[in-house]
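What follows is a short report on a single structure.
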Amino acid sequence: MADPKGFLTTGREVAQTRPAGERVKDWNEVYVPGSLLPIISKQAGRCMDCGIPFCHNGCPLGNLIPEWNDYAYREDWAAASERLHATNNFPEFTGRLCPAPCESACVLGINQPAVTIKNVEVSIIDKAWGNGDVTPQPPERLSGKTVAVIGSGPAGLAAAQQLTRAGHTVAVYERADRIGGLLRYGIPEFKMEKSHINRRIEQMRAEGTKFRTETEIGRDIDAAKLRRRYDAVVIAAGATVSRDLPVPGRELNGVHFAMEYLPLANKVQEGDLTVSPITAEGKHVVVIGGGDTGADCVGTAHRQGALSVTQLEIMPRPGEERNANQPWPTFPMLYKVTSAHEEGGERVYSVSTTHFEGDEDGNVQALHLVEVEFKDGKLEQKPGTERVIPAQLVTLAMGFTGTDQANGLVQQFGLELDARGNIARDEDYATNVDGVYVAGDAGRGQSLIVWAIAEGRSAARGVDRFLTGASALPAPIRPTDRALTV
């Protein structure tokens, strides 16, 4: 273990953020560069000798958290990086983007603030990159087998890297113009700078992985033809169909899905556009949806110069402490203040949008809402609570309903779907089509980045076994595993 008395002598400290008034003027990450290293060893030393480390159960990747906490406490950064990469291909992604279910399961968290596992993780990997400890790991020999991976999000990249290192020739197909999936165009720059993706892609290229951008399977290449070209296929296309809001006025100009709005802002940062075609500048902005994607829309609107930002959530405001029906070590539903919320705006809970109102030119100008409450397990409107708020830009950030079927991929492969509309798979992540596997949100439904990486690693093992008859690759989770919740 690390410091035997660390949890008794050291309080919890987290990453320091730049002042809100400063950071909304740029698109750099919100944290003060280098602010963690002076404190992180002591923070890692808070990890207890808890006997049974429930953080392992909280993390789908099965990260060896007590081990790399110990190395970080001792400032053995090379060993910490090795332990970190033993279970996670991309800790710089998870260390910035994961909501840290491991911290909810931390034993110390029963009666004290949990260990800052996420901050320790990102400190280790950033130090590893800085020290040159992250290097390409090309295979010693090639298997002669070929694999196509459809989608370059965290699940696709994890599967591709594992299979490349196992000796197979892997090509990743991405329909966008750059590799990264939602990491690239769904996550704002201030939340994760894209340089972190770029250097991982260069590592993977050096290992032998091939990348094919601006190629959509189902439209640009027939899925059945792709299957005949490769020995195996991994579908990691995500759950990209956005949940819509079918209310009067939905057709008005200025009402957009979050995934129409956020990628354009990222393209400005990539240098593809000077100004986003969908901008919050000088507008009253309403974000419908209280999750992380909604928060990303809030932070983006701040940086574009919105007059006001209001975020709506149909569910009641969560509490700031665990409810009795969400006991440790489950992941609790707590009131969460992200960096975007610190920057301003209003959050309104227990409300439902009834309709949008537009001007004579068909542009949205206002949003009509009503308060709602649960009665007998159903959401009902509260009479007399209707009101109108100004809205010249509305983003719909209410989650996703499944993988894209409009492009023909599902039909051309002849894939079966489960009851929730996801691509069905067996214990090895195999679909009903021989040699075709599925990982990530395309098979699980909308989920977290840690689940996507874990599924990519597990699916890679299934593919490797299919191609060679056996596999030494790890498989951290089964397709039926679920988060540690109640």
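Throughout, residue positions are numbered sequentially from 1 according to the sequence presented.
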Hey, could you give me the [atom1]/[atom2] distance between [X] and [Y], rounded to the nearest 0.5 Å?
X      : Y      : atom1 : atom2 : result
Asn63  : Thr94  : CG    : OG1   : 6.5 Å
Gln16  : Asn119 : CD    : CG    : 12.0 Å
Leu409 : Arg219 : CG    : CZ    : 10.5 Å
Tyr437 : Ile235 : OH    : CD1   : 12.0 Å

Check: Does a salt bridge link Glu202 with Arg199, judged by any charged N lying under 4.0 Å from a carboxylate O?
Finding: no
Checklist line | Sidechain N-carboxylate O distance under 4.0 Å for Arg175, Asp220 | finding: no
So which heavy atom on [X] is nearest to which on [Y], and how close?
X      : Y      : answer
Ser123 : Ile40  : OG-CG1, 3.4 Å
Ser81  : Ala128 : OG-CB, 3.4 Å
Ala472 : Arg461 : C-NH1, 4.3 Å
Tyr230 : Ala171 : OH-CB, 3.6 Å

Kindly write out the residues that satisfy side-chain hydrogen bond (donor to acceptor under 3.5 Å, both in side chains) with [X], not counting sequence neighbours, or none if the list is empty.
X      : result
Arg478 : Asp481
Arg165 : Glu207
Asp272 : Arg178

Next item on the list: Please list, chain by chain and in numerical order, all residues satisfying side-chain contact (heavy atoms from CB on, under 4.5 Å) with Leu334, sequence neighbours excluded.
Entry: Pro332
Note to self: Applying side-chain contact (heavy atoms from CB on, under 4.5 Å), can you list everything that pairs with Thr403, at least two apart in sequence or on another chain?
What the structure shows: Ala237, Val410, Ile423, Ala442
Check: Residues two or more places apart in sequence or in another chain: which of them pass salt bridge (Lys or Arg N to Asp or Glu O under 4.0 Å) with Lys210?
Finding: none
Next item on the list: Please identify each residue that fulfils salt bridge (Lys or Arg N to Asp or Glu O under 4.0 Å) with Arg444, with sequence neighbours left out.
Entry: Glu455
Check: Ser152 and Glu174: side chain to side chain donor-acceptor pair (under 3.5 Å), yes or no, with the steps?
Finding: CA-CA 6 Å; Ser152 67; Glu174 169 57 52; 2.7 Å; yes
Note to self: Please determine whether the number of non-hydrogen atoms from other residues, nucleotides or ligands lying under 6.0 Å from atom CD1 of Ile52 exceeds 12.
What the structure shows: no
Check: In terms of heavy-atom contacts, does CZ of Arg420 have more than 12 from other residues, nucleotides or ligands at under 6.0 Å?
Finding: no
Check: Got a sec, which pairs hit salt bridge (charged side-chain N to carboxylate O under 4.0 Å, His left out) with one end in residues 84-98, sequence neighbours left out?
Finding: Glu29-Arg96, Glu92-Arg200, Arg96-Asp126
Using a 3.5 Å cut-off and no angle test, enumerate the donor-acceptor pairs between side-chain atoms of residues 258-267 and protein atoms at least two apart in sequence or in another chain.
| unit_1 | atom_1 | unit_2 | atom_2 | d |
| --- | --- | --- | --- | --- |
| Glu260 | OE1 | His256 | ND1 | 3.4 |
| Glu260 | OE1 | Phe257 | N | 3.0 |
| Tyr261 | OH | Ala301 | N | 3.4 |
| Tyr261 | OH | Gln304 | OE1 | 2.6 |
| Asn266 | ND2 | Arg184 | O | 2.8 |
| Asn266 | ND2 | Ile187 | O | 2.9 |
| Lys267 | NZ | Asp177 | OD1 | 3.4 |
| Lys267 | NZ | Asp177 | OD2 | 2.9 |
| Lys267 | NZ | Tyr185 | OH | 3.4 |

Table please: side-chain donor-acceptor pairs of residues 19-27 below 3.5 Å, with sequence neighbours left out.
| unit_1 | atom_1 | unit_2 | atom_2 | d |
| --- | --- | --- | --- | --- |
| Glu22 | OE2 | Arg18 | NH1 | 3.3 |
| Arg23 | NE | Glu343 | OE2 | 2.7 |
| Arg23 | NH1 | Arg18 | O | 2.5 |
| Arg23 | NH2 | Ser339 | O | 3.0 |
| Arg23 | NH2 | Glu342 | OE1 | 2.9 |
| Asp26 | OD1 | Arg18 | NH2 | 2.9 |
| Asp26 | OD1 | Asn28 | N | 3.1 |
| Asp26 | OD2 | Arg18 | NH1 | 2.9 |

Notebook entry, point to check: Does the cation-pi check pass for Arg83 over Tyr71, that is, NZ or CZ under 6.0 Å from the six-membered ring centre and within 45° of its axis?
Noted result: no
Next item on the list: Determine which pairs satisfy ring pair (Phe, Tyr, Trp, His ring centres under 6.0 Å) with at least one residue from residues 89-148, sequence neighbours left out, and list them in order.
Entry: Phe90-Phe93
Notebook entry, point to check: For Phe211, which residues count as a ring-ring contact (aromatic ring centres under 6.0 Å, His included) partner, sequence neighbours excluded?
Noted result: none
